[in-house]
A.B. asks: 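Here you go, one structure.
Please read all numbers here as calculations on a predicted model, not as lab measurements. The chains referred to below are lettered A, B, ... by the order of the sequence lines, with proteins before strands, and numbering in each begins at 1.
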Protein chains: 2
Amino acid sequence: MTIETEVARAAEAGQEILRAQDSWTDLPPTARSIVRSALDSFADRGFNATTLKHIAAGTGLSTAALYVHFGSKDELFFEISRRGHESAFAIVEAASMLSPAQHAFRTLVYTFARWHAEQRTTARVVQYELHALSGKHAETVAGIRRATEQVVRDVITRASGPGAPEDPELRGVSAAILSLGIDVARWFVPGAPYTPDEIGRLYCRLATRLLRPDVF
Amino acid sequence: MTIETEVARAAEAGQEILRAQDSWTDLPPTARSIVRSALDSFADRGFNATTLKHIAAGTGLSTAALYVHFGSKDELFFEISRRGHESAFAIVEAASMLSPAQHAFRTLVYTFARWHAEQRTTARVVQYELHALSGKHAETVAGIRRATEQVVRDVITRASGPGAPEDPELRGVSAAILSLGIDVARWFVPGAPYTPDEIGRLYCRLATRLLRPDVF
DNA sequence: GTCTATATGCCGATAGAC
DNA sequence: GTCTATCGGCATATAGAC
C-alpha cells in the first residue's frame with residue numbers, strides 16, 4: 001500500500017465528511033442573509049471594525065431591521081462563532097471514528113486542513129476573533145475548542161501506536177499538526193497556488209512525515 | 001553527527017542572533033513607553049479595539065499628550081508594525097547567511113519559531129493586524145513580508161539539495177515551515193508547556209523530518 | 001511637553017409610524 | 001417586519017492655558 005493510495009482514501013473520506021456539513025439551512029431566509037453578510041465582514045475586517053452598517057449593506061436592510069432578527073451585535077457574533085466551532089468539532093469527530101487508526105489520522109488531517117481553506121471566512125472568525133467573546137459566551141466556545149483539540153490529540157496518539165516505539169515528540173507533533181491546519185485560515189485565499197483539496201492532500205503527506213518518518 | 005548535536009548548534013546560533021536584536025533603544029524614554037503600552041494593547045485587544053485611552057493609561061499621560069510624540073493612532077501603529085516586520089526580516093536574514101546550508105536551515109527554523117514565542121506581542125501585531133494598514137503603509141509592509149518569505153524559501157531550497165533527489169514537496173514544505181513558525185504567535189502564552197527555547201528546538205527537529213525524512 | 005476642555009463624528013441601540 | 005429619525009455615548013483629534 002503506497003502513501004499515495006492512502007492519501008487518496010483519506011481525501012475521499014474527508015470529502016464525504018465535509019459534504020455532510022450544512023450551513024445555516026435551518027434559519028429563515030432573512031436571518032440567513034444577515035448571517036452571511038456578518039460572517040463576511042467579521043472575517044475580513046474583524047469584529048470591532050465591522051459596523052452594523054456594513055452588515056446591513058450586505059443585505060439591503062436598514063440597521064434597525066437587524067434587531068428584529070438578532071438581539072445585538074454581540075449575540076449575532078456569538079451565534080456565528082459558536083456554530084463555527086461546532087462545525088469544526090463535528091468534522092474532526094467524524095474523522096476520528098474511522099478505522100483503522102492511521103486512516104482516521106490521515107482523514108482528520110485532510111479534513112481539518114481543507115475545512116480551514118474552504119470555509120475560510122468561518123474559520124477566520126473561529127480562530128482569530130476569540131477576543132470578541134466574553135463571559136459565558138467565551139466559556140461556551142472555550143469548551144468546544146478543548147473538546148476539538150482533545151479529539152485531535154487522541155487520534156494522533158492512537159495512530160502512532162501501539163506496535164511501534166513511542167515517539168518522544170508526540171505532544172509536539174500533535175501541537176504542530178493542529179497549528180498547521182488552523183494557520184491555513186490565515187494565509188489561504190481563493191485562487192492561491194493550492195486548491196483546498198491539494199492543501200488537504202499535502203498536509204496529509206506532511207503529517208505522515210511528522211508522525212512516523214519511517215513508515216513509508 | 002547526531003540530530004541532537006545539530007539542534008544544539010542551531011539553538012546556540014539562534015540565541016546569538018536574537019540577542020543582537022534591540023527594541024526601540026533609539027527612541028527617547030517617553031516615546032518608548034508609549035510604544036510599549038500601545039504594543040501591548042494592540043497585541044491583546046487588536047488595533048480597532050485599542051483606544052488612545054488604553055494607550056495613555058499604560059503611560060500615565062493624557063490622551064492629548066500622545067500627539068506630541070506621534071502624529072496619529074494610524075502612524076503610531078504603522079511605526080510599530082514596520083519595525084516589527086524589519087525585526088523579523090533581520091533575524092531570518094542573519095540565519096540565512098550561515099553555512100553550511102543545513103545549519104542555516106536549522107538555525108532559521110529555531111530562530112523564527114523562538115522569536116514568535118519570545119516576542120509574542122510584536123509578532124501578533126506583525127502577523128494578525130495587517131488589516132489595520134492601508135495605502136502606502138500597507139505596501140511598505142507587504143514588501144518586507146515578501147522579502148522575508150523569499151529568504152525562508154531560498155534557505156530551504158539550498159538546504160534540500162544538491163546531492164539529494166529533489167523533493168517534489170519542496171514548495172509545500174516551505175509553506176508549512178513558515179506557517180508553523182508564524183502560528184506560534186497565536187497559541188503561545190508565557191508559562192505554556194514549552195519555553196521559547198524548547199519550541200525552537202522542537203520545530204528544528206520537526207522541520208528536519210519535513211524536509212528530509214531520510215537524513216537522520 | 002503636559003494638562004483640561006472641547007469639537008466633531010460615528011457607533012450601537014431604541015422609538016414610533018406604517 | 002421594515003422604515004426614518006434620533007438618543008446617548010465614546011472615539012480620535014485639536015485648542016489653548018500653564
Side-chain angles (χ1 to χ4, degrees), chain A residues 24-82 125 129-138, chain B residues 24-82 125 129-138:
Chain A
W24 311 104
T25 53
D26 57 314
L27 290 183
T30 308
R32 209 185 318 173
S33 86
I34 291 171
V35 165
R36 285 231 157 269
S37 176
L39 187 52
D40 287 346
S41 190
F42 288 149
D44 68 63
R45 271 185 272 253
F47 175 79
N48 284 286
T50 294
T51 67
L52 295 183
K53 223 170 156 183
H54 288 134
I55 299 173
T59 65
L61 296 169
S62 68
T63 59
L66 302 177
Y67 286 87
V68 175
H69 304 275
F70 293 96
S72 69
K73 189 189 174 191
D74 279 305
E75 283 193 19
L76 172 56
F77 177 79
F78 170 63
E79 193 59 16
I80 289 175
S81 182
R82 187 184 61 80
V125 170
E129 297 295 324
L130 290 172
H131 57 89
L133 298 166
S134 61
K136 212 167 163 39
H137 289 170
Chain B
W24 311 103
T25 52
D26 57 314
L27 290 182
T30 308
R32 209 185 320 172
S33 86
I34 291 172
V35 166
R36 285 229 157 271
S37 175
L39 188 52
D40 287 346
S41 190
F42 288 149
D44 68 63
R45 269 184 273 254
F47 175 79
N48 284 286
T50 294
T51 67
L52 296 183
K53 224 169 157 183
H54 288 135
I55 299 173
T59 65
L61 296 169
S62 67
T63 58
L66 302 177
Y67 285 87
V68 175
H69 304 275
F70 293 96
S72 69
K73 189 190 174 190
D74 278 305
E75 284 194 19
L76 172 56
F77 177 80
F78 170 62
E79 193 60 15
I80 289 175
S81 182
R82 187 184 61 79
V125 170
E129 296 297 323
L130 290 172
H131 57 90
L133 298 165
S134 61
K136 213 168 164 37
H137 289 171

A.B. asks: So how far is it from T25(B) OG1 to R32(B) CZ, rounded to the nearest 0.5 Å?
C.D. replies: 6.5 Å
A.B. asks: Considering all heavy atoms of both residues, which atom of L76(A) and which atom of A38(A) are nearest to each other, and what is their separation?
C.D. replies: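 So the two residues come closest at CD2-CB, 3.8 Å.
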A.B. asks: Tell me, which of residues 65-78 of chain A have any heavy atom that sits under 4.0 Å from an atom in DNA chain D?
C.D. replies: A65(A), V68(A), H69(A)
A.B. asks: Would you kindly give the CG-to-C1' distance between L52(B) and dA7(C), to the nearest whole Å?
C.D. replies: 15 Å
A.B. asks: Within residues 57-64 of chain A, which residues have any heavy atom lying less than 4.0 Å from an atom of DNA chain D?
C.D. replies: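 Only G60(A), L61(A), S62(A), A64(A) qualify.
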A.B. asks: Set out, in order, the CA-CA distance, both residues' side-chain angles and the distance that settles side-chain contact (heavy atoms from CB on, under 4.5 Å) for K73(B) and L66(B), then state yes or no.
C.D. replies: CA-CA 9 Å; K73(B) 189 190 174 190; L66(B) 302 177; over 6 Å; no
A.B. asks: List the atom of W24(A), the atom of I80(A), and the distance in Å for their closest heavy-atom pair.
C.D. replies: CH2-CA, 3.7 Å
A.B. asks: Indicate the atoms forming the closest heavy-atom contact of A43(B) with V125(B), along with that distance.
C.D. replies: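 Of all heavy-atom pairs spanning A43(B) and V125(B), the closest is N-CG2, 4.0 Å.
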A.B. asks: Looking at every heavy atom in both H131(B) and D44(A), which two are closest together, and how far apart are they?
C.D. replies: CB-O, 4.4 Å
A.B. asks: With under 30° as parallel and over 60° as perpendicular, where do the rings of F78(B) and H137(B) fit, or are they tilted in between?
C.D. replies: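 Parallel, since the angle between the ring planes stays under 30°.
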A.B. asks: Atom CZ in F70(A), atom CD in E79(A): separation rounded to 0.5 Å?
C.D. replies: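 With rounding to 0.5 Å, CZ (F70(A)) is 7.0 Å from CD (E79(A)).
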A.B. asks: What are the bounds, 5' to 3', of the part of DNA chain D that sits under 4.0 Å from heavy atoms of chain B?
C.D. replies: dA11(D) to dA15(D)
A.B. asks: Given 3.5 Å as the limit, does a donor-acceptor pair link the side chain of T63(A) with the main chain of L52(A), or not?
C.D. replies: no
A.B. asks: Between CZ of F47(A) and CG of L130(A), what distance do you get to the nearest 0.5 Å?
C.D. replies: 12.5 Å
